[in-house]
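Working notes for the structure below.
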Amino acid sequence: MAPSTSPSVRGRGRPPANPDEVRGLPGLKRALAVRGQTQSDLARVLGCDQAPINAYANGKRDPGASTVRRIAAALNTTADALLAVPAATG
């Protein structure tokens, strides 16, 4: 059986091929904080476990396009906001 290359499983457990590649959903933590919601709250709304939400927020897993759209809709934000790289501090 050939390995899957679909976008929904790309990068699971592997470092990015390009070090400049954005992983997960860098804007997810901010979107949740602005709305006063937790990862568990979002998981409940989406009907999934909290573990993948945490993995997306921490850049350990890349969600597929349909998942990004579902998360954006649940948080009343845009996919661009979720995929935005946070500004560097310091």
Quick one: does any side-chain atom of D62 pair with a main-chain N or O of G24 as donor and acceptor, under 3.5 Å? yes
Original post:
Do the non-hydrogen side-chain atoms of L42 and L28 ever get within less than 4.5 Å of each other?
Top reply: yes
Show which side-chain atoms of residues 43-56 pair as donor or acceptor with protein atoms under 3.5 Å away, not counting sequence neighbours.
| unit_1 | atom_1 | unit_2 | atom_2 | d |
| --- | --- | --- | --- | --- |
| R44 | NH2 | D41 | OD1 | 2.7 |
| Q50 | NE2 | Q39 | OE1 | 2.5 |
| N54 | OD1 | N58 | ND2 | 3.1 |
| N54 | ND2 | Q39 | OE1 | 3.1 |

For the pair L82 and T77, evaluate side chain to side chain contact (heavy atoms under 4.5 Å, CB included) and give the outcome as yes or no after the intermediate values. CA-CA 8 Å; L82 294 174; T77 191; 4.1 Å; yes
When every non-hydrogen atom of A72 is compared with those of A79, the smallest separation belongs to CB-N, 3.8 Å
Checklist entry - So, R35 side chain and L75 main chain: donor-acceptor pair closer than 3.5 Å or not? => result yes
